[in-house]
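See below for the structure under consideration.
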Number of protein chains: 2
Amino acid sequence: MVMRLFLQTHRKPVLSDDDIASLEAAAGKTVDYAAKRVIVRENVPLTQCTLLMSGFVERFKDTPDGRRQILAIHVPGDFVDLHSYPLKRLEHSVAALTPVTVVNFPHADIRALTAKSATLTELLWRSTLIDAAINREWIVSVGARGASVRLAHLMCEMFVRLERIGLTRGEEFDFPVTQIDLADATGLTAVHANRMLRQLRERGLVEFRQGLVKILDWPALKDFAGFDPRYLFLD
Amino acid sequence: MVMRLFLQTHRKPVLSDDDIASLEAAAGKTVDYAAKRVIVRENVPLTQCTLLMSGFVERFKDTPDGRRQILAIHVPGDFVDLHSYPLKRLEHSVAALTPVTVVNFPHADIRALTAKSATLTELLWRSTLIDAAINREWIVSVGARGASVRLAHLMCEMFVRLERIGLTRGEEFDFPVTQIDLADATGLTAVHANRMLRQLRERGLVEFRQGLVKILDWPALKDFAGFDPRYLFLD
DNA sequence: CGGTAGCTTGACAATACTCAAGCAGCGTGG
DNA sequence: CCACGCTGCTTGAGTATTGTCAAGCTACCG
């Protein structure tokens, strides 16, 4: 049951019942974190991975001059730091954006899994690479899109990813983060993010208020954001 | 011999002579491309990977409004699109920044390698994840660093990566790309990139001229860029 | 009830972009 | 050999976008 949401987002390659069972069996301790708690600190040797069960998690880096850049936002079912298995440490930190529940997977158990099943290995590998594809889409966002488009694009991404795991209600979804978080994710200041969110609302595209996102016009929003979901590899 | 530079950058996990031999044996055709030629087109089914032997390669995306965002720059010894093995396609394109030579590795042969050696699989997996770590550092660059700092940081990264494979001469190295390329990589316009490069030169940090980079003051440059090489996982 | 975190708005400053022009170098064809 | 066109670099002037500083507001918590 622990892997339900993960398998819902990752449908290829197809796993045998046996593979699924051993994956489930590798699950270790369940841990809760309060909002803003650091879950994994950068450049510290790691011996386990973290599967997000509920809530939202951020991967981020702080710069010397005090800015925070969010590198990725994770939704339930995401293996937040599976890349720590081959890398042995992370070059960034991981923190809870909201109250979260996670399940740990010891590296030793993952090693056993990969030794046993090549298909499973490929699925896990692929999962880390989809994260990387999202990382790259974010480079495009911060590097080549205007402020309001960036925010619109982020809303599109969250909508599609949350829809996949059944966490949307029609055209709205809970996204209990602050405007500061949105600013840190898009490389903007909180003040400017606020203005751009207002603009998106006034244009009738999306509304973000008190952690609730309402898509007002999905086709128009997608078009405005230049959103092409193929980078999410949901096929 | 084909894997020499690759193994020079990727020293962990340590491979057996057997693993190295089978990796070498997987090498397929050698192909040359002229500068600016597209090597892999986005969202097209792929059946092989590309190892860069000489020259520089870019991974990029074009936006609807005509901007190009470079997502990564590859140096000799890099597996440019190893991630196409688990993903089966790329969500971005790959092109030659300079004249290049590459060697192809059929997915089928990589599959055979991974079936045979778990250590080799881990090394390949790790290699794709180091690329991802670089992707994330670029998010920080475009999202949270000023224009001149971004360029300085890119110069630091290229210097360290090229030094690793013996392509630097003291504190200088060949980097035969245009200012437009640098602008596309850093999310700036060519005009602004030009001004910022002049600033870096006048401050006595780095000089970029006609595809030649001269580090003028490495400690000062590193400090100015906030460059921390740990994200390159060279240990 | 005071304090804090988050949202909102305004006025102003800094950063980066656009448009435009001129120049240098290089390869090609007359 | 020269003339031409092309690509890339450089600089200036004006504009647009985004950031900074500041203040006031709300809601919620202790």
Side-chain angles (χ1 to χ4, degrees), chain A residues 34-37 56 58 63 65-70 95-99 141-152 154 174-203 206-213, chain B residues 34-37 56 58 63 65-70 95-99 141-154 174-203 206-213 224:
Chain A
K36 304 201 175 172
R37 276 288 123 65
F56 292 87
E58 59 169 341
T63 59
D65 56 307
R67 288 181 74 112
R68 156 168 305 191
Q69 179 63 49
I70 297 182
L97 275 172
T98 66
S141 263
V142 285
R145 297 198 246 255
S148 58
V149 181
R150 271 181 234 182
L151 285 162
L154 178 60
D174 291 318
F175 190 36
V177 301
T178 67
Q179 291 190 357
I180 297 174
D181 296 327
L182 294 180
D184 290 346
T186 49
L188 301 170
T189 57
V191 172
H192 200 56
N194 177 284
R195 291 191 230 271
M196 295 299 106
L197 286 171
R198 173 155 52 103
Q199 209 179 91
L200 292 175
R201 190 183 340 124
E202 284 168 356
R203 289 196 200 196
V206 240
E207 190 176 306
F208 173 86
R209 217 175 270 180
Q210 294 152 211
L212 177 70
V213 177
Chain B
K36 303 201 175 174
R37 277 287 123 65
F56 292 87
E58 58 169 342
T63 57
D65 56 308
R67 287 181 74 115
R68 156 168 303 192
Q69 178 65 48
I70 297 182
L97 274 173
T98 65
S141 263
V142 286
R145 296 199 247 255
S148 59
V149 180
R150 272 181 235 183
L151 285 162
H153 197 277
L154 177 60
D174 292 318
F175 191 36
V177 301
T178 67
Q179 291 189 357
I180 297 174
D181 296 327
L182 295 180
D184 289 346
T186 49
L188 301 170
T189 58
V191 172
H192 200 55
N194 177 283
R195 291 190 229 272
M196 295 300 105
L197 286 171
R198 172 155 53 100
Q199 209 179 93
L200 292 175
R201 190 182 340 123
E202 285 169 355
R203 289 195 199 199
V206 241
E207 190 177 305
F208 173 87
R209 216 175 272 179
Q210 293 153 211
L212 178 69
V213 178
F224 178 77

Using whole Å, report how far [atom1] of [X] lies from [atom2] of [N].
{"X": "B:H192", "N": "D:dT10", "atom1": "NE2", "atom2": "P", "value": "15 Å"}
{"X": "B:L188", "N": "D:dT10", "atom1": "CG", "atom2": "C1'", "value": "16 Å"}
{"X": "B:D181", "N": "D:dT7", "atom1": "CG", "atom2": "P", "value": "14 Å"}
{"X": "B:D184", "N": "D:dC9", "atom1": "CG", "atom2": "P", "value": "12 Å"}
{"X": "B:R209", "N": "D:dG8", "atom1": "CZ", "atom2": "P", "value": "18 Å"}
{"X": "B:Q199", "N": "D:dT10", "atom1": "CD", "atom2": "P", "value": "14 Å"}
{"X": "B:R145", "N": "D:dG19", "atom1": "CZ", "atom2": "C1'", "value": "19 Å"}
{"X": "A:R195", "N": "D:dT17", "atom1": "CZ", "atom2": "P", "value": "14 Å"}

B:F175 versus B:L182, closest heavy-atom pair with distance: CE2-CD2, 3.7 Å
Minimum heavy-atom distance between B:E58 and B:R68, given as atom pair plus value: OE2-NH1, 3.1 Å
Sugar-phosphate only, base, or nothing, as touched by A:R198 at under 4.0 Å among non-hydrogen atoms: sugar-phosphate
Check: A:F56 main-chain N/O paired with A:T98 side-chain donor or acceptor under 3.5 Å: yes
Side chain B:R150, main chain B:R145, donor-acceptor under 3.5 Å: yes
5' priority, DNA chain D, between A:G187 and B:R201 [closest heavy atom]: B:R201
Terminal contacting nucleotides, 5' and 3', DNA chain C versus chain A (heavy atom, 4.0 Å): C:dG6 to C:dA11
Side-chain touch B:F224/B:L200, heavy atoms, less than 4.5 angstrom: yes
Donor/acceptor link under 3.5 angstrom from A:R67 side chain onto base of D:dG19: no
B:N194 side chain, from C-beta outward: closest of D:dT7, D:dT10, D:dT20: D:dT10
Closest listed nucleotide, where the reference is the side chain of B:Q179 and the choices are D:dG19, D:dT11, D:dT10: D:dT10
Side-chain donor-acceptor contact under 3.5 Å, A:R195 with A:Q199: no
Pairs touching residues 177-193 of chain A that satisfy salt bridge (Lys or Arg N to Asp or Glu O under 4.0 Å), sequence neighbours left out: none
